[in-house]
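Reviewing the structure listed below.
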There are 2 protein chains.
Amino acid sequence: MDQRHASALKAAGMKATPKRLAILEMLEAEPGYASPEELWKRLKDRFDRLGLPTVYRNLEELSQSGVLSKVIHPNRQLYYYFCSNREHHHHFVCLSCRKVEDIPACGIEALEQEVSKRNGGKVLSHILQLNGLCGGCADNGEKR
Amino acid sequence: MDQRHASALKAAGMKATPKRLAILEMLEAEPGYASPEELWKRLKDRFDRLGLPTVYRNLEELSQSGVLSKVIHPNRQLYYYFCSNREHHHHFVCLSCRKVEDIPACGIEALEQEVSKRNGGKVLSHILQLNGLCGGCADNGEKR
DNA sequence: CCTCTAAATAGAAATGAATTCGTTTTAGAA
DNA sequence: TTCTAAAACGAATTCATTTCTATTTAGAGG
Ligand SMILES: [Mn+2]
Ligand SMILES: [Mn+2]
Ligand SMILES: [Zn+2]
Ligand SMILES: [Zn+2]
């Protein structure tokens with residue numbers, strides 16, 4: 001049992017079940033983002049019984065509690081990835097090979113302030129994501 | 001027939017059909033973002049026959065060509081809004097009343113440059129959206 | 001170690017937003 | 001006016017995601 005993941009789960013107020021730990025392990029080993037069904041297919045080998053709804057439910061809960069992150073994908077399907085950087089930051093995601101890279105600073109806190117001040121509203125969250133082709137994929141001229 | 005919208009369609013290389021014009025008129029009159037089905041229900045009154053797929057198709061095409069914009073909504077359903085600002089900019093969307101407000105500068109072009117340079121990839125697009133409660137909704141303490 | 005219970009999971013079934021497809025209609029160029 | 005590629009119809013379908021009820025289990029408390 002991976003103690004880091006167990007601690008992360010406890011910190012999030014979630015029970016450290018074998019399936020949750022396996023989801024985290026698998027996603028951490030993954031070089032990029034993955035879909036619930038992809039993870040499920042691969043996780044099934046490690047468990048006698050594992051339901052797809054369980055994978056969906058856990059991925060969503062883990063992303064709610066900040067242990068995992070979600071990709072905003074053009075095809076509007078769900079994808080998740082593991083990022084151990086606990087600072088506030090954002091990501092560059094490769095639409096070809098699914099690699100995810102950190103974007104250190106976003107400077108959006110200032111923007112939030114400004115928007116609040118100017119329009120009188122309250123900014124609850126922001127989405128910032130860069131989409132493109134990573135170094136390797138750009139070189140290969142891949143477009144998928 | 002609204003000449004502005006007809007021109008916009010022609011500029012996008014799309015035929016100026018009555019239904020497309022009606023979609024643009026309705027969405028321009030809308031104070032916030034709307035879903036394809038909502039627009040369809042209201043547009044049906046103005047046409048003997050109007051298919052929901054037609055509304056979906058046109059909204060998507062119009063957003064592809066930049067005449068309309070899309071909301072990234074937490075519920076992952078499709079919403080579109082009309083914005084006549086042709087400069088590159090982003091939006092603050094109210095999750096309660098659906099109002100959309102412009103965010104003038106995003107400063108992301110510089111970030112794109114930096115990411116390209118540091119990681120060697122190519123940034124094809126970026127998503128920036130602030131979610132929250134607009135002035136009116138924040139005051140009313142509304143949470144929906 | 002046990003016990004106990006709220007939380008987690010199974011798995012079949014349902015959901016419903018979005019899309020497909022073959023046919024019919026139409027915008028607009030010629 | 002004619003003609004054709006583009007647009008629209010709309011019933012049917014898709015399929016990613018969620019719901020639901022019964023069953024299992026993690027882990028707090030003894
Ligand atoms: Mn990261
Ligand atoms: Mn705008
Ligand atoms: Zn890549
Ligand atoms: Zn509002």
Side-chain angles (χ1 to χ4, degrees), chain A residues 1-3 5-24 26 33-65 67-68 70-80, chain B residues 1-3 5-24 26 33-65 67-68 70-80:
Chain A
M1 153 147 79
D2 190 316
Q3 191 52 53
H5 293 155
S7 310
L9 287 171
K10 177 169 285 187
M14 301 171 70
K15 290 186 180 177
T17 69
K19 285 160 189 182
R20 284 177 177 163
L21 292 169
I23 286 172
L24 289 177
M26 178 152 289
Y33 51 88
S35 74
E37 186 158 6
E38 288 162 356
L39 293 169
W40 173 63
K41 282 179 177 161
R42 293 163 53 191
L43 286 165
K44 271 195 302 185
D45 300 339
R46 300 174 51 179
F47 295 95
D48 294 8
R49 324 172 88 205
L50 172 62
L52 181 54
T54 295
V55 178
Y56 269 94
R57 188 180 346 98
N58 279 314
L59 288 171
E60 181 53 30
E61 289 168 0
L62 289 167
S63 113
Q64 290 290 351
S65 52
V67 180
L68 294 180
K70 225 185 269 201
V71 171
I72 309 288
H73 200 279
N75 70 10
R76 299 184 312 100
Q77 292 181 207
L78 292 169
Y79 296 94
Y80 297 89
Chain B
M1 152 145 80
D2 190 314
Q3 191 51 53
H5 293 155
S7 310
L9 287 171
K10 176 169 285 187
M14 301 171 71
K15 290 186 180 176
T17 70
K19 285 160 188 181
R20 283 178 177 163
L21 292 169
I23 286 172
L24 289 177
M26 178 154 290
Y33 51 88
S35 74
E37 186 158 3
E38 288 163 355
L39 293 169
W40 174 63
K41 282 179 179 162
R42 294 162 52 191
L43 287 165
K44 271 194 303 184
D45 301 340
R46 300 174 51 178
F47 295 95
D48 294 7
R49 325 174 83 209
L50 172 64
L52 181 54
T54 295
V55 178
Y56 269 95
R57 188 179 347 98
N58 278 314
L59 288 171
E60 183 53 30
E61 289 167 358
L62 290 166
S63 113
Q64 290 290 350
S65 52
V67 181
L68 295 180
K70 226 185 269 201
V71 172
I72 309 288
H73 200 278
N75 70 10
R76 298 184 320 101
Q77 291 180 210
L78 292 169
Y79 296 93
Y80 296 88

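Letters A, B, ... are given to chains in the order of the sequence lines, protein chains preceding strands, and every chain is numbered from 1.
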> Does any donor atom in the side chain of Tyr79(B) or Glu38(B) lie under 3.5 Å from an acceptor atom in the other side chain?
Replying inline: no
>> Would you say Tyr56(B) places a side-chain N or O within less than 4.0 Å of OP1 or OP2 belonging to dT19(C)?
In response: no
> Given that Ser35(B) and Lys15(B) both sit by DNA chain C, which one's nearest nucleotide is further toward the 5' end?
Replying inline: Ser35(B)
>> Please pick, from dA8(C), dA18(C), dA27(C), the nucleotide with the shortest atom-to-atom distance to any side-chain atom of Pro18(B).
In response: dA27(C)
> Nearest to the side chain of Thr54(A) - dA17(C), dT9(C), dA27(C)?
Replying inline: dT9(C)
> Whole Å only: how far is the CZ atom of Arg76(A) from the P atom of dA16(D)?
Replying inline: 12 Å
>> Is the phosphate of dA7(D) approached by Asn58(B) (side-chain N or O, under 4.0 Å from OP1 or OP2)?
In response: no
> Which whole-number value in Å describes the distance from Gln77(A) CD to dA17(C) P?
Replying inline: 17 Å
>> How many whole angstroms separate atom CE of Met14(B) from atom P of dA7(D)?
In response: 7 Å
>> Need one value for Leu52(B): base, sugar-phosphate or nothing, where a base atom within 4.0 Å counts as base even if backbone is also close, heavy atoms only.
In response: nothing
>> Between Arg57(B) and dA7(D), is there a contact of a side-chain N or O with OP1 or OP2 at under 4.0 Å?
In response: no
> Which heavy atom of Leu78(A) sits nearest a heavy atom of Pro36(A), and at what distance?
Replying inline: O-CD, 3.3 Å
> In whole angstroms, how far is the C1' atom of dT9(C) from the CG atom of Asp48(A)?
Replying inline: 13 Å
> Can a side chain N or O of Lys19(A) be found less than 4.0 Å away from OP1 or OP2 on dA10(C)?
Replying inline: yes
>> Using whole Å, what does the distance between atom P of nucleotide dG16(C) and atom NZ of Lys41(B) come to?
In response: 12 Å
>> Side chain of Pro53(B), heavy atoms from C-beta onward: which of dA6(D), dA11(D), dA16(D) has the nearest atom to it?
In response: dA11(D)
>> To the closest 0.5 Å, what do you measure between CD (Glu61(B)) and CZ (Arg20(B))?
In response: 5.0 Å
> Looking only at side-chain N and O atoms, does Arg49(A) come under 4.0 Å of OP1 or OP2 in dG11(C)?
Replying inline: yes
>> Using only atom types and a distance under 3.5 Å, with no angle test, would you say the side chain of Arg76(B) pairs donor to acceptor with the backbone of Arg76(A)?
In response: yes
> How long is the line joining CG of Leu59(B) and P of dA17(C), in whole Å?
Replying inline: 15 Å
> Rounded to whole angstroms, how far apart are CG on Leu21(B) and C1' on dA8(D)?
Replying inline: 15 Å
> Which of the following nucleotides, dA18(C), dA8(D), dT9(C), is nearest to the side chain of Arg20(B)?
Replying inline: dA8(D)
> Rounding to a whole Å, what distance do you find between Phe47(A):CZ and dT24(D):P?
Replying inline: 17 Å
>> Taking the minimum atom-to-atom distance to the side chain of Thr17(B), which one of dG11(C), dA7(D), dT17(D) wins?
In response: dA7(D)
> Closest heavy-atom contact between Leu50(A) and Lys19(A)?
Replying inline: CD1-CD, 3.8 Å
